[in-house]
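Have a look at the structure below, then the notes.
No hydrogens, no waters, no symmetry mates; every other heavy atom, side chains included, goes into these values. Model, not experiment: these values are computed from the prediction. Numbered from 1 within each chain, the chains take letters A, B, ... in sequence-line order.
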Number of protein chains: 2
Amino acid sequence: MAATLSDVAAIAGVSIKTVSNVIHDYPHIRPATKQRVLDAIEATGYRPNLTARNLRTGRTGVISLVVPTLRNPYFAELAEAVMDAADREGLSVLIEQSRGSDAGAARASKAQLVDGMLFSTLGPEQEDTGLYAQLAPTLDGGTSEPLVDHVTMRNTEAIRAATEHLIGLGRTRIAAIGARPGDVSGAASLRLLGYRQALEAAGTAERAELVRPVATWTRFDGAAETERLLAEGVEVDGIVAFNDALALGALRALGQRGIRVPEQVSVIGFDDLDESRYSLPALSTISPGREQIAALAVQMLAERIAARDEPLPARNITVPFTLVERESTARA
Amino acid sequence: MAATLSDVAAIAGVSIKTVSNVIHDYPHIRPATKQRVLDAIEATGYRPNLTARNLRTGRTGVISLVVPTLRNPYFAELAEAVMDAADREGLSVLIEQSRGSDAGAARASKAQLVDGMLFSTLGPEQEDTGLYAQLAPTLDGGTSEPLVDHVTMRNTEAIRAATEHLIGLGRTRIAAIGARPGDVSGAASLRLLGYRQALEAAGTAERAELVRPVATWTRFDGAAETERLLAEGVEVDGIVAFNDALALGALRALGQRGIRVPEQVSVIGFDDLDESRYSLPALSTISPGREQIAALAVQMLAERIAARDEPLPARNITVPFTLVERESTARA
DNA sequence: TTGTAAGCGTTATCAT
DNA sequence: ATGATAACGCTTACAA
């Protein structure tokens, strides 16, 4: 059996309070006493029982991250960034997938094990961006709507920069792949706006046949929609895909038709997945500041957990992006 | 505040033991009493406090999965499979990355929060296969070495089948990419053995220049080593890569040289990553039975947790593989 | 500077 | 069939 506080106390010949004080670096302990306790801890190999501590303090040191699926590299890389950030805050991460059998029910039961949660999207069908952070219902005051922080990226500005990058290359017939015609909010509409702003600033009229809607932001739909675009005989010399998966799909469709990238068509994506570095050709993309988003979201959540009595106001933060130039938009 | 057992007891006019009995479906409760308790639970919105339960039972319902990094799609997909399996066993998964700052120390402190752990590799530099399962030190008897179960895949047989698949296509100069010359155990040596068995069975002599060593099983090294192979002017008409990342890298190197796959060179990988379906051309590969490995490992761990008093003997299980034919080995 | 003791919310042993 | 009550191992008033 693992040693307990009282085992250590017995050996050191002190009370458990003193041992506890030593563990918590309580200032006023006589050096000799402290040493005796330290020796006893050493001798017994004592490790505080976290479960007991949790019961007492009401905190677990665990946060959950809810993502649709880890199979999608975007979420896998986000998860990695969150775990790194959590490590720095001394928190552990319980990952949950929201796409899946009993999503809601399972999450509710696990909500008790965590101090707070991070969501990568709000709804099931929404591919929103960034991270939402809120206290676990257990810690939350519980009254009314929970306070949620949001850390996000510059969707519009980044796609605008991507589009202007192609325009700067002399491209004039630039397709936007990934539009969601119905959407009035969310990543798709923000990114479409950026595309439009770039065209407008360049004095180019938007052509309906170049704005390509897709059902999902996957490689599959990226390839299918690009194929359709080409099959329709639409003239294209540039493609701004609303994420890397779509761009990778586009690359595949272009390759299959024997269309050379970047000689005939320039392609740029959004996300800066590891994969994009290794595609053929390597994909130019927007690096949306994933590490920073993860770090800030975890930090804000940690603050919220620390200040659980005095609820913090909800905050919204937006982080800067960078444009990464690779082969797919090299100068012809 | 959340309702507790005694809140419910007070409202139902019974003792907390009775409420506890109702919650645990204890057989002998008078229907009327049971109903009163159920109503009180309903009225208060009572949910058992998991932390308190954990303290009492000594189990947390959480297991950890240790992977080098989630950025590697192989581990991301493995993690997904583990989480799905854990869901079915009513367990939550705490993911930890072993590559990283304070790997060991961090893990030790978290070991207390979990009932058991799953490792995807034993050492830092080893890319072993399958999953190892063992009880958390806290639950473990603690005496001597911990008992660990191992669920793995048919490394040798699968690569042999992959190689024979290429031989069946009429390929005679088949390169093996991913060898680890020094290794006498681990995935690399098992897979190399399969390659050799296939050549031998076909009566083909092994050519040293076709067995290509790499430092890491990444797309990067796959591309680099293939490039080197081609630069040396070695004749090749088939490539068996020891994992999909290497194969994807090989595809890139071949593409860059203008060598057509599968017309001039057939390529097959190992892992069946989602990505392989979308490469250009789509990659033939070995599906190693990841879902089954995850399911079995989680199941065995769950059994071990359930039987914590009577330690179960260590078990070794190997699951079957399947060969997935795609474009990269289509008949010319 | 250190000790005593209450309590976190369960589960489970004993009575009754 | 149900109720008191003692743990589980910790944190923390409050006392000494």
Distance-only donor-acceptor test (3.5 Å): side chain B:Arg56, base C:dT10
no
Looking at A:Asp149 and A:Arg304, is any side-chain nitrogen of the basic one under 4.0 Å from a carboxylate oxygen of the acidic one?
yes
Which whole-number value in Å describes the distance from A:Arg59 CZ to C:dC8 P?
17 Å
Counting only non-hydrogen atoms, which of residues 6-20 of chain A are less than 4.0 Å from DNA chain D?
A:Ile16, A:Lys17, A:Ser20
State, without any angle test, whether B:Gln112 and A:Thr51 hold a side-chain donor-acceptor pair at a distance under 3.5 Å.
no
Nearest whole Å is fine: how far is D:dC8 C1' from A:Leu5 CG?
13 Å
Side chain to side chain contact (heavy atoms under 4.5 Å, CB included) partner of A:Leu301, the single match among A:Leu296, A:Leu118, A:Leu91
A:Leu118
Would you mind reading off the distance between A:Lys34 atom NZ and C:dT2 atom P, rounded to a whole angstrom?
11 Å
Answer yes or no: is there a donor N or O on one side and an acceptor on the other, between the side chain of A:Arg290 and the main chain of A:Ala81, under 3.5 Å?
no
Give me the bend of the helix from C:dT1-D:dA16 to C:dT16-D:dA1, using the axes of the five pairs at each end, rounded to 10°.
40°
Heavy-atom nearest pair, A:Ile293 first then A:Gly130, reads CG2-CA, 4.1 Å
Please state how far atom NE2 in A:His28 lies from atom P in C:dT1, giving the value in whole angstrom units.
6 Å
May I ask you to check whether B:Asp115 and B:Thr60 show a side-chain donor-acceptor distance below 3.5 Å?
yes
Looking just at side-chain N and O atoms, do B:Thr129 and B:Asn155 make a donor-acceptor pair shorter than 3.5 Å?
yes
Please report, rounded to the nearest Å, how far the P atom of D:dC8 is from the CG atom of A:Leu50.
18 Å
For D:dT2, does either OP1 or OP2 sit under 4.0 Å from a side-chain N or O belonging to B:Thr33?
yes
Measure distances between side-chain N and O atoms of B:Arg53 and base N and O atoms of C:dT10, and say whether any donor-acceptor pair falls under 3.5 Å.
no
Is there a donor-acceptor pair under 3.5 Å between the side chain of B:Glu77 and the backbone N or O of B:Asp274?
yes
Roughly, in whole Å, what's the span from OH in A:Tyr46 to C1' in D:dG9?
7 Å
Rounded to whole Å, the CG-P distance (B:Asn21 to D:dA4) equals 14 Å
For atom OH of B:Tyr26 and atom C1' of C:dA12, their distance in whole Å:
10 Å
Between the side chains of B:Gln97 and A:Asp84, does any donor sit under 3.5 Å from an acceptor?
yes
May I ask you to say what B:Ile29 touches in the nucleic acid, namely base, sugar-phosphate or nothing, with a heavy-atom cut-off under 4.0 Å?
sugar-phosphate
State whether B:Arg30 places a side-chain N or O below 4.0 Å from either non-bridging phosphate oxygen (OP1 or OP2) of D:dT2.
yes
